[in-house]
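Read the structure below first, then the notes.
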Amino acid sequence: MGWTKLAAPPLLLLLIAGCLAPVWGQQPATPRKVGRAAKALAPRPKFDAAVRDRFFTDVREHLGPGEPGRPVVADQASPVATAEPATPEPGTTGAAGENPPAPGSGAHWAALIARDNLEDEIKAQVALVAEAVKSPSKFKSGNYRQARTSFSLLAMLLGVVAQYDGEVRWRGVAAGLRDQLAHVALNCKVGTDGSYKEAKARSAELAEMVRGDAPAGDAAPSMPDGGWAKVSDRAPLMARMEESQRGRLDVWTADAGEFKRQRDKVLHEARLLAVLTAVIQDSSYEFADDEQYLKFAQDLAERVRELVAAVEQDDPAAAQSAVSRANQACDRCHTDFRG
C-alpha cells in the first residue's frame, strides 16, 4: 500500500520522533550570533601628564570658527584675518559670482556697468524721448507711453551717474535732472497738453546735456526721500528689461555667428540688466520685503552675471544658456508678481 503526500503511517512518525528527541534536548535555550569569535579587548593605556599636555583637548578652540573647505568671515574680535576684496577698476565689471552692490548712495556701480555703456544708454533714451515729443497729436495718441518709459529709465540712469564710482559725464547735473525727469515721467502716464509741454521742455534740456551745453553743477549723490521708487516706477524699468531679454538678447545669442556679430551689443544689454536687477531690489519698491520676490530678483541677477562672464569669455553657448535661464527666472517671478 503506497503513501500519499498528505499523510504518513503512525508508526513511521513515532520512529522519527524518537530519533530526534536527543538532538532537541541538546539545543541551547537562546539563539547564538553567527560571526567572528569575540576577542578580549586590551586594557586602555594610561599616559602621564607630560604626554597629555602635548595634545589639544578640543582642537576647534585653536582652529577658530568655520568648517573645513569654507572661507571664514572674520569680525573685529576674530584673530583670523581675511584679505580685503579687490575694488574693480572703473568701467569694468566685477567677478561673475560677485553679488550686486546695494542700490544706494556709495554703491559700486562701476562693478556692474562700464562708463561707455552707461553714457550710450542715456544717449539712446534721449533720442527716443525726442522722437516721442515731435508731434503733439502723436504724443497724445500714444507716444506718451514711450516718453514715460524713457523718462523713467533716464531718471534711474542719471541717479546712477550721480553715484557712479568713477569718471563719467554729466555728474554735475545728474541729480537735479534725475528729479525733474522723475516728475515728468509720472505726468506722462497720460497724454495731455500739459504733459506734452513738460516733456518737450525736458527733452530740450536733455539734448543740451548730451551736446555738452548743460550748466555746471555740484554732484548730489544723495537719494530723494523714498529711495529708488521715487526716482522711477518699477513698471517702466521692467518694460526695458523685457525689451532687452525678449527683443534683443534672445535673437543675438540664438547662434554662435549672431553672437559674434552682436557681441558688443550683448555686453551692453547685459550690463544694463545688471544695473536694473540691482535697482529693483531696493527696499522702497512694493514686495521688496517679500522673500520670494527677492529670491526671484537675486536669481535673475545671478543669471545676468553669468551672461556678462560668458560674453567677456567669448563663450556663445554659455551666453545662450544664461539668457534662457534669465528668461525662466522672469517667467517664474511673473507668475506671482506683476508691476
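Looking at Gln125 and Glu121, their side chains do bring a donor and an acceptor atom within 3.5 Å of each other.
Between atom CG of residue Leu276 and atom CG of residue Leu157 there is a gap of 7.5 Å, rounded to the nearest 0.5 Å. Once rounded to the nearest 0.5 Å, the distance linking CZ of Phe151 with CD of Gln146 reads 10.5 Å. Taking NZ of Lys200 as the reference point, atom CD of Glu205 lies at 13.0 Å (rounded to 0.5 Å). Going from atom CE of Met238 over to atom CZ of Arg234 covers 6.5 Å, rounded to the nearest 0.5 Å. Summarising the geometry, atom CG belonging to Leu300 is positioned 9.5 Å from atom CZ belonging to Arg305; distances are rounded to the nearest 0.5 Å. With rounding to the nearest 0.5 angstrom, the CD atom of Glu167 is 7.0 Å from the CZ atom of Arg115.
Considering every non-hydrogen atom in both Ser284 and Gly227, the closest pair reads OG-C, 3.9 Å. In terms of heavy-atom proximity, Asn187 sits nearest to Ser195 at O-CB, 3.5 Å. Here the closest heavy-atom approach between residue Leu249 and residue Thr253 is recorded as O-OG1, 2.7 Å. Heavy atoms only, all atoms of each residue included: Ala114 and Tyr164 are closest at C-OH, 3.5 Å. For Met209 against Trp170, the heavy-atom pair with the smallest separation is O-NE1, 3.0 Å. A pairwise comparison of heavy atoms in Ala182 and Val231 identifies CB-O, 3.2 Å as the closest pair.
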Please determine whether side chain to side chain contact (heavy atoms under 4.5 Å, CB included) holds for the pair Arg169 and Lys123, giving the CA-CA distance in whole Å, both sets of side-chain angles, and the decisive distance to 0.1 Å. CA-CA 11 Å; Arg169 295 179 65 188; Lys123 292 175 184 178; 3.8 Å; yes
Dump the intermediate steps for side chain to side chain contact (heavy atoms under 4.5 Å, CB included) on Trp252 and Val323, then the final yes or no. CA-CA 10 Å; Trp252 295 340; Val323 170; over 6 Å; no
Passes side chain to side chain contact (heavy atoms under 4.5 Å, CB included), Asp193 versus Lys140? Steps please. CA-CA 8 Å; Asp193 290 336; Lys140 288 186 283 185; 2.6 Å; yes
Show your reasoning for whether side chain to side chain contact (heavy atoms under 4.5 Å, CB included) applies to Leu128 and Leu153. CA-CA 11 Å; Leu128 289 174; Leu153 192 63; over 6 Å; no
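Side chain of Ser324 to backbone of Ser321: no donor-acceptor contact under 3.5 angstrom is found.
By the 6.0 Å contact criterion, NZ on Lys230 is open, its count of non-hydrogen atoms from other residues, nucleotides or ligands being 12 or less.
In this pair, Phe287 and Tyr293 present their aromatic rings tilted. The plane angle is within the 30 to 60° band.
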